[in-house]
Protein chains: 2
Amino acid sequence: MATGRTHRPATRSRGIPEATVARLPLYLRALTALSERSVPTVSSEELAAAAGVNSAKLRKDFSYLGSYGTRGVGYDVEYLVYQISRELGLTQDWPVVIVGIGNLGAALANYGGFASRGFRVAALIDADPAMAGKPVAGIAVQHTDELESIITGNGVSIGVIATPAGAAQQVCDRLVAAGVTSILNFAPTVLSVPEGVDVRKVDLSIELQILAFHEQRKAGEGERVALPIEGGDLEPSPGGSRGTEGERVALPIEGGAQAGPMARAGQDTGAAAGGRQQGPDGDVPAVMPA
Amino acid sequence: MATGRTHRPATRSRGIPEATVARLPLYLRALTALSERSVPTVSSEELAAAAGVNSAKLRKDFSYLGSYGTRGVGYDVEYLVYQISRELGLTQDWPVVIVGIGNLGAALANYGGFASRGFRVAALIDADPAMAGKPVAGIAVQHTDELESIITGNGVSIGVIATPAGAAQQVCDRLVAAGVTSILNFAPTVLSVPEGVDVRKVDLSIELQILAFHEQRKAGEGERVALPIEGGDLEPSPGGSRGTEGERVALPIEGGAQAGPMARAGQDTGAAAGGRQQGPDGDVPAVMPA
DNA sequence: CCATCTTTGTGCACGCGTTCACAAAGACAT
DNA sequence: ATGTCTTTGTGAACGCGTGCACAAAGATGG
Ligand SMILES: NC(=O)c1ccc[n+]([C@@H]2O[C@H](COP(=O)([O-])OP(=O)(O)OC[C@H]3O[C@@H](n4cnc5c(N)ncnc54)[C@H](O)[C@@H]3O)[C@@H](O)[C@H]2O)c1
Ligand SMILES: NC(=O)c1ccc[n+]([C@@H]2O[C@H](COP(=O)([O-])OP(=O)(O)OC[C@H]3O[C@@H](n4cnc5c(N)ncnc54)[C@H](O)[C@@H]3O)[C@@H](O)[C@H]2O)c1
C-alpha cells in the first residue's frame, strides 16, 4: 500500500524546496512576533536566531521567494510577513474539517491557533451517533453520514483525521472521494491515497521512540567511559551472527501468543545493553510526508 | 525539528542515520501487526509496502542494524521486532511526565498508545492549583511546585510540554535543570536548550500551513495554464518592492510571543521529504533513567 | 551434489539540503 | 561624489539520503 507519492515530477524546477516550505511557517511566526512589537526591520542574523536556524539557511530560503531584503539593512518585517503569508497561501481562507471528535479531536477543535492563520474549522465529524449535535468548541458535531455533503458543500480541501487507527483509511478514502486533497493524519497508520493528495502525519508514538533512541544512546555513552576507540566496538555483532542459526539469541518474546503491545523484551539483554554505538544526533522531521 | 544546535564534526561514523532511526518505529509498528497475526517471516518487499516505504530503503535501513534477514526467505518477524525494539531502547521502561494538562495535555494523558511501547506516564503536572489532585486518565495531577522532585524522584528523562507557548521555555528550563534530557514540545515556540538535550516539536499550525502551501499550488497549477511565465511576475520586483505598500495585508496573529530568544543554541525545523540535517551529538552526560 | 529460483545486502550514482565564504548592493557619513 | 561599513544574495563544496541494479547467499528441487 505504498502511500502516495513523495515527490513531484520535474515541475519542481521553479518551485520552492520542501525543506524551505517547512521552515516558512517558523519564520512567519517569528516575524509576527516582531511585528507585534512594531519592529520595522530585522537582519537575517536576528531573525535566524529567533527562528532557531542558521542565518545562511534563512537567507537562502528567502532567496527562493525573491529579493525582499535590503543590503546593509535587513528585511522589512511587515513586508516579509505578507510575502510569506502569500506564498503559503494564508491570505485566503481554508475551511477544514476534523473527523473523529474524541480526546484528541476535541482538543484540536478547541485549539485557538487553528483558526488564527487562515484556517477555519468548517465542521466536526464523528461516527458516534451520541455525539451528533453535541457542541464541541462551539460547533455542533455532525454525523459521518453527512461527511460528503459537508465537504462538497463547504468546498473543504483540507481534512484532519483523529479517529482510531482502524477507521483512518476508511475515513481517508471518503474524504478523498468527496474532494479533500490534503490530509493531516493523527492516527498511527500509513494512509494510502491516490496521486495528487498530500498526507502529513503526526505521530506521538514515533516521536517518543525517536527520543528514546537518543536517550538510550546518551546513557550508553556515559558508560563507555573507559572505552578507547569508538570505531569498532560493536557487540554481538551482526556479521558474526551470520551462518549459525543457533547463534540467534533466544527471543524473550513469548512465542506466538503475544498479542497486544509489543513484548517488552527482556530488559538489558546481556551484551546488548552495554555500549551502544553512538550515532549522529540531529533530527528528523516530526512529521513525514506521505 | 528537533534538536539541532551546534553541530559537530560528524565523525560519528558508527551510528545509525537519523533518517533510518525515524523510520524504525514505522517498521516496528508494521512488524508488530504481522506478529499479532502470527506471520513468521516477511520479505523486504512486503514489509516495505506495509510501512509505506521503498523496499531498497528498508533493506538498507536494516543493514545498519545488522544482517538479520535470510536471503531467499526474508526476515523473521519476531526476531526483527526484538532487534528494533532493542535498538530504539524500548526494551526498557521510560517514565515520562506531561506538563500542562489542558485540552491537549489531557488528550495525551488519555492516549493509550503512550504506554503501549515502553513509555509510562509517571506524572501529570499543571500550574493551575485547581487542577492539583484532580485525576486525569487515572492519574492525579500534581502542581508545578513538585516538578523537580517528581523528575528526580522518578528518574524521568523524557518530558512532554503541552503548556501555552508563553510558559514553554520556562517549563523547559525547569525540566532540564531537574534532569530531563529529551523533550517533546507541543507549544508553538522555539525552545532553547543546552547542548545534550534533545527537543522534538509537534506543531499543528505548521503542518497545516505546509498543507496549505501545496493546496494553493495545486489550485494554482490548474488555473495558471494561461499565465505566462511563473518566474518573476505577480510581484513587485525586488527593487521596486517598496512601491506596493498599500497591498500589504494585516494578518491575524497567533499567540506565542517570545521573549528574548537570545539562545545560543538554535533548533532546527524538521523538514519534510528529503534529507535531514545532521545534528550535533550530545556530549553532556545524560541522566540515567531508572 | 548441482541447478534454479528467491531475496537479501550493498556499491554506486544522483539529487537535495546545508553551510561557507565572499562579491556586490545599498545605507550612511564626509 | 567618494569611501566605509553593513548585510544581503548566491556560487560552490560537501555530506546525507534515496533508489537502482546486481552479485551473492541461501532455499528448494531434482
Ligand atoms: N490522544 C492523543 O494524544 C493521541 C496522540 C497521538 C495519536 N493519537 C491518535 O489519534 C486518534 C484519536 O485519538 P483519541 O485519543 O482522540 O481517541 P478517541 O477514542 O478518544 O476518539 C476517537 C473518536 O473517533 C470517532 N470515530 C471512530 N470511528 C470513526 C469513523 N469511522 N468516522 C468518524 N469518527 C470515528 C469515535 O467516535 C471517537 O469519538 C487515534 O488514532 C490515536 O491513536 C491520539
Ligand atoms: N489543543 C491542540 O490541539 C493543540 C494543537 C497544537 C498545539 N497546541 C499547543 O499546545 C499547548 C496546549 O494547548 P491546550 O489547548 O491544551 O491549551 P490549554 O490552555 O487547554 O492548556 C494549557 C494548560 O497548561 C497549564 N499551564 C499554564 N502554564 C503552565 C506552567 N507554567 N506550568 C505548567 N502548566 C501550565 C494550564 O493550567 C492549562 O491547564 C499550547 O501551547 C497550544 O498552542 C495545542
Side-chain angles (χ1 to χ4, degrees), chain A residues 2 5-10 12-13 15-23 40-48 53-76 80 238-239 241-245 279-285 288-289, chain B residues 4-13 15-23 41-49 53-76 80 238-242 266 268-280:
Chain A
R5 257 313 40 70
T6 300
H7 57 204
R8 278 238 125 0
R12 251 307 190 250
S13 46
I16 299 174
E18 263 306 301
T20 294
V21 172
R23 280 188 294 268
T41 62
V42 269
S43 66
S44 61
E45 204 67 54
E46 300 170 312
L47 186 55
V53 304
N54 178 298
S55 70
K57 189 187 293 182
L58 177 146
R59 287 199 299 279
K60 179 144 290 188
D61 282 341
F62 285 174
S63 77
Y64 291 117
L65 308 184
S67 292
Y68 298 146
T70 302
R71 297 176 191 228
V73 177
Y75 299 88
D76 180 288
L80 206 45
S241 65
R242 148 156 319 311
T244 325
E245 282 294 343
D281 185 284
D283 57 14
V284 168
M288 316 177 55
Chain B
R5 184 183 18 308
T6 351
H7 87 149
R8 179 159 325 252
T11 327
R12 302 329 169 100
S13 51
I16 298 175
E18 264 308 298
T20 294
V21 172
R23 280 189 294 270
T41 62
V42 269
S43 66
S44 61
E45 204 67 54
E46 301 170 313
L47 185 55
V53 304
N54 179 296
S55 69
K57 188 187 296 181
L58 176 146
R59 286 199 298 278
K60 180 148 291 185
D61 283 339
F62 286 173
S63 77
Y64 292 117
L65 307 184
S67 292
Y68 297 147
T70 301
R71 299 176 189 227
V73 177
Y75 300 89
D76 180 287
L80 207 44
S241 59
R242 290 297 146 78
D268 305 334
T269 325
R276 235 340 26 65
Q277 62 263 47
Q278 82 308 29

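A quick note: this is a predicted structure, and the numbers were derived from the prediction, not measured. Numbered from 1 within each chain, the chains take letters A, B, ... in sequence-line order.
In this entry the distance linking CG of D76(B) with P of dG26(D) reads 16 Å, nearest Å. A straight line from NZ of K57(A) to P of dT7(D) spans 22 Å, rounded to a whole angstrom. Distance R59(A) CZ to dT18(C) C1': 13 Å, rounded to the nearest Å. The separation between E18(B) atom CD and dG15(D) atom C1' is 15 Å, rounded to whole Å. For I16(B) and dG17(D), the CD1 to C1' distance is 15 Å, given to the nearest whole Å. In this structure, OH of Y64(A) is placed 9 Å from P of dT18(C), rounded to the nearest angstrom. Whole-Å rounding puts the Y68(A) OH to dT7(D) C1' distance at 19 Å. Following rounding to the nearest Å, E46(A) (CD) and dT8(D) (C1') show an atom-to-atom distance of 14 Å.
The heavy-atom pair separating S55(B) from S44(B) by the smallest distance is CB-O, 3.9 Å. Among all heavy-atom pairs drawn from E46(A) and S43(A), the shortest one is OE1-N, 2.9 Å.
For N54(A), a side-chain nitrogen or oxygen approaches OP1 or OP2 of dC20(C) to under 4.0 Å. In this model, the phosphate group of dG26(D) is not approached by any side-chain N or O of T70(B) to a distance below 4.0 Å at OP1 or OP2. Here R23(A) reaches the OP1 or OP2 of dT18(C): one of its side-chain N or O atoms lies under 4.0 Å away. Residue S44(B) has a polar side-chain atom (N or O) positioned under 4.0 Å from OP1 or OP2 of dT8(C).
For a distance-only test at 3.5 Å, the side chain of R71(A) qualifies as a donor-acceptor partner of the base of dT8(D). Between the side chain of K60(B) and the base of dG19(D), at least one donor-acceptor pair of N or O atoms lies under 3.5 Å.
Here dG17(D) is the nucleotide among dC22(D), dG17(D), dG9(D) with the atom lying nearest to any side-chain atom of A19(B). In this structure, the nucleotide among dA27(D), dG17(C), dT18(D) sitting nearest to the side chain of V73(B) is dA27(D).
To the nearest 0.5 Å, atoms NZ (K60(B)) and CZ (R23(B)) are separated by 11.0 Å.
Y75(B) comes within 4.0 angstrom of sugar-phosphate atoms only, judged by non-hydrogen atoms across all strands, and of no base.
No option in T20(B), N54(B), I16(B), V21(B) other than T20(B) meets the side chain to side chain contact (heavy atoms under 4.5 Å, CB included) test with D61(B).
Nearest-nucleotide positions on DNA chain C place E45(B) closer to the 5' end than the other of G72(A) and E45(B).
Between R59(A) and Y75(A), the closest side-chain pair of non-hydrogen atoms falls below 4.5 Å.
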